[in-house]
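Below: one structure, written as structure tokens.
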Amino acid sequence: MNTDWLAAAKARCASMQHNWDFATIIQNWPVLMVGLKGTVWIFLVTVVIGLSTGLIVGICRYAKNRWIRWPATALVEIFRNTPVLVQIIWFYYAFPILTGIDVNPFLAAVLGISLNTMAFSAEIYRAGIQSIEPGQWEAGKAIGMTYSQTMRRIILPVALRRILPALTNRGIEVFKMSTLASVVAYVETLSKAKLIADLNYNPIEAYTAVAILFFVVLYPIVQLTYVLERTLRKSDA
Amino acid sequence: MSACEQHRNIDMYEWDFIAVFSDIDLLALGLLNTLKVTSLALLFGIPLGLMLAVSRLSRFKPLSFSASFIIEFFRTTPPLVQLFWFFFALPILIDIRMTPLIASVLTFSIQSSAFFAEIFRGGIQSIDKGQWEGAKAIGMNYWQSMRRIILPQAVKRMIPAFMERSIELLKTTTLVSTVAYTDLMYQANDLAQKTFRPLEVYTVVAVMYFILIFVFSQVSLLIEHRLARSGESTVR
């Protein structure tokens, strides 16, 4: 009994002295970079689609006409209140049956992530627009501007400045979310790391490398949002 | 197949929910496991987050620096990468038998604690300095003032952000299906393969998630309005 415990402890100690094998990671660096290219590509596509459609939906949520407001609200609530992985998988396996459209991994991931981003950013835009004092609207009206002129020239420029940190944070979330595309076999950083780990039996190094890679890419951007928040708070005061 | 024919085929798709509902107990089990992972992650994540927040606010530089590093690292790396690391890499580094449940709870406790820490820190920092001074004046030490004066006030302000994060956590737990933990998502994949009815299965599961999360968000909205009415500012 006692020796059993000792043997286990010894084995544990032995395995703790793990032989780090970062050489294979460096050897496979080009493979990892192919993955990173996939990550950046899907990030760019989803962030552009998500943030631009989010603006439209966000403005629609603020509309006075309920036939515009209600569908926009439904869209936002549906995609905000379901997990993004469920959305990606639904678009990959269920959507083609419903519509007859061929969906490849890229399209499924883009649909899932960008609709999710659309819903979340719509709420950010709406909050930004609603944060503008009603006096601004009245001023726009007083000098003869229409609704869309006031929105475009007076409200949005101020609102966008205020919500810039929130939008940047959303962008960071989207970059992290792109790893979920690997679940439907889209080639990105994590799926390449898994490949390297499986071929070289070095999951520790492979997954550590990916974690560090994401940290190195995102950490400066996170710091940037802090600076952004501080400067905006100062200029607002 | 001509476009017209294809169109007719789509129209003829026969929804069949019977296959799904005859196995609804599988999905119910999955739902239970989803809630289990979420609550275990909350159970460990909240105290861990509080520890990280207090450490980050500490004047002792090495402590605050390492807490900041842990928080930033887990906030900027994707949860799926963290989960894979804990599931595939950690058992090699330290000799333990890793199960999907342990890996999931470990990942999401630490990941959510990093986010909770920032919410707690915001709440603690939002409390007026005079409160600390007042506590000191009547002879309380750091921990006494924190426990009796600061935290009770800060907690009220943290509630909305805290609940939003917990809902985020509930949504993120779907990732545990990728390491074969039998949560709702995993059961859905399983059932979709068994019944050849992915459209029905995934739609039902999406609706299940929607109801669950929607109810939680409405409750959190209600509490937020209550707090706003009681004149409590909220921390984001």
Side-chain angles (χ1 to χ4, degrees), chain A residues 8-9 11-16 18 39 77-78 80-87 89-100 166 172-173 175-180 182-183 189-190 193-194 197-198 201-208 210-219 221-223, chain B residues 1 3 6-7 9-10 13 34 72-96 167-168 170-175 177-178 184-185 188-189 192 197-203 205-218 236:
Chain A
R12 196 160 296 184
C13 278
S15 65
M16 276 229 225
H18 173 71
T39 297
E77 292 298 342
I78 289 170
R80 261 168 64 98
N81 289 309
T82 43
V84 65
L85 186 61
V86 174
Q87 290 160 16
I89 288 186
W90 192 89
F91 277 114
Y92 192 60
Y93 292 109
F95 185 69
I97 299 174
L98 198 63
T99 58
I172 293 166
E173 281 308 307
F175 197 81
K176 291 195 289 175
M177 232 185 259
S178 67
T179 50
L180 300 191
S182 67
V183 176
T189 320
L190 184 57
K194 191 166 178 10
D198 290 347
Y201 309 106
N202 59 347
I204 305 178
E205 291 82 357
Y207 293 128
T208 307
V210 179
I212 292 171
L213 203 63
F214 270 92
F215 181 71
V216 166
V217 171
L218 288 181
Y219 187 70
I221 303 171
V222 172
Q223 294 307 308
Chain B
M1 197 188 288
Q6 206 172 3
H7 189 72
N9 268 349
I10 296 156
Y13 182 80
T34 291
E72 296 298 345
F73 192 82
F74 280 93
R75 271 162 58 98
T76 50
T77 47
L80 193 55
V81 176
Q82 294 164 11
L83 183 62
F84 277 16
W85 197 92
F86 280 114
F87 189 66
F88 295 114
L90 189 65
I92 300 176
L93 210 56
I94 56 168
D95 187 31
I96 51 165
I167 292 169
E168 245 354 90
L170 175 62
K171 286 193 261 179
T172 325
T173 57
T174 47
L175 304 192
S177 62
T178 58
L184 184 51
M185 187 79 242
N189 291 335
R197 288 279 169 189
L199 177 57
E200 287 86 348
V201 171
Y202 288 121
T203 306
V205 166
V207 170
M208 282 170 83
Y209 271 115
F210 178 80
I211 293 169
L212 184 67
I213 295 163
F214 188 72
V215 167
F216 278 125
S217 358
Q218 288 319 92
R236 291 249 161 211

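Every heavy atom of this structure was used, including side-chain atoms; hydrogens, water molecules and symmetry mates were not.
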So which part of Thr174(B) gets closer than 4.5 Å to some heavy atom of chain A, the side chain, the backbone, both or neither?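 Answer is both: backbone and side chain atoms of Thr174(B) are under 4.5 Å from chain A.
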Is it the side chain or the backbone of Leu190(A) that comes within 4.5 Å of chain B heavy atoms, both, or neither?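 The side chain, not the backbone.
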Using heavy-atom distances under 4.5 Å, tell me whether Glu77(A) contacts chain B through its side chain, its backbone, both, or neither.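 The answer is both parts of Glu77(A).
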To the nearest 0.5 angstrom, please state how far the [atom1] atom of [X] sits from the [atom2] atom of [Y].
X: Phe88(B); Y: Asn202(A); atom1: CZ; atom2: CG; value: 13.5 Å
X: Leu80(B); Y: Met177(A); atom1: CG; atom2: CE; value: 12.5 Å
X: Arg197(B); Y: Ile97(A); atom1: CZ; atom2: CD1; value: 8.5 Å
X: Leu175(B); Y: Leu180(A); atom1: CG; atom2: CG; value: 5.5 Å
X: Thr76(B); Y: Phe175(A); atom1: OG1; atom2: CZ; value: 11.0 Å
X: Asn81(A); Y: Ile211(B); atom1: CG; atom2: CD1; value: 11.0 Å

Heavy atoms only, distances under 4.5 angstrom: which of [options] has the most pairs with chain B? Name it, please.
options: Val217(A), Leu213(A), Thr208(A); answer: Thr208(A)
options: Ile89(A), Val183(A), Val222(A); answer: Ile89(A)
options: Tyr93(A), Phe214(A), Phe215(A); answer: Phe215(A)

With side-chain contact (heavy atoms from CB on, under 4.5 Å) as the test, would you mind laying out the steps for Val84(A) and Lys171(B) before giving the verdict? CA-CA 8 Å; Val84(A) 65; Lys171(B) 286 193 261 179; over 6 Å; no
May I ask you to test the Leu199(B)-Trp90(A) pair for a side-chain heavy-atom distance under 4.5 Å?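 Side-chain contact under 4.5 Å: yes.
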Is the shortest side-chain heavy-atom distance between Pro83(A) and Ile213(B) below 4.5 Å?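 Side-chain contact under 4.5 Å: yes.
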Which heavy atom in Pro203(A) sits nearest to a heavy atom in Ile92(B), and how many Å separate them?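 For Pro203(A) and Ile92(B), the tightest heavy-atom pair comes out as CG-CD1, 3.2 Å.
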Nearest atoms (heavy-atom pairs only) where Lys176(A) meets Arg75(B):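 Taking Lys176(A) first and Arg75(B) second, the nearest heavy atoms are NZ-O, 2.6 Å.
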Take atom CZ of Phe216(B) as the centre, draw a 6.0 Å sphere, and report whether it contains more than 12 heavy atoms from other residues, nucleotides or ligands.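 Not more than 12 within 6.0 Å, no.
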Tell me, with the steps shown, if Tyr202(B) and Val86(A) meet side-chain contact (heavy atoms from CB on, under 4.5 Å). CA-CA 8 Å; Tyr202(B) 288 121; Val86(A) 174; 6.0 Å; no
Give the ring-plane orientation class for Tyr207(A) versus Phe84(B), where under 30° counts as parallel, over 60° as perpendicular and anything between as tilted.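 Aromatic pair Tyr207(A)/Phe84(B) classed perpendicular.
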Leading residue by heavy atom contact count with chain A [cutoff under 4.5 Å; candidates Glu168(B), Met185(B), Gln82(B), Glu200(B)]: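 Of Glu168(B), Met185(B), Gln82(B), Glu200(B), Met185(B) has the most heavy-atom pairs under 4.5 Å with chain A.
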Take Ser177(B) and Leu85(A), measure what side-chain contact (heavy atoms from CB on, under 4.5 Å) needs, and give me the verdict at the end. CA-CA 10 Å; Ser177(B) 62; Leu85(A) 186 61; 4.0 Å; yes
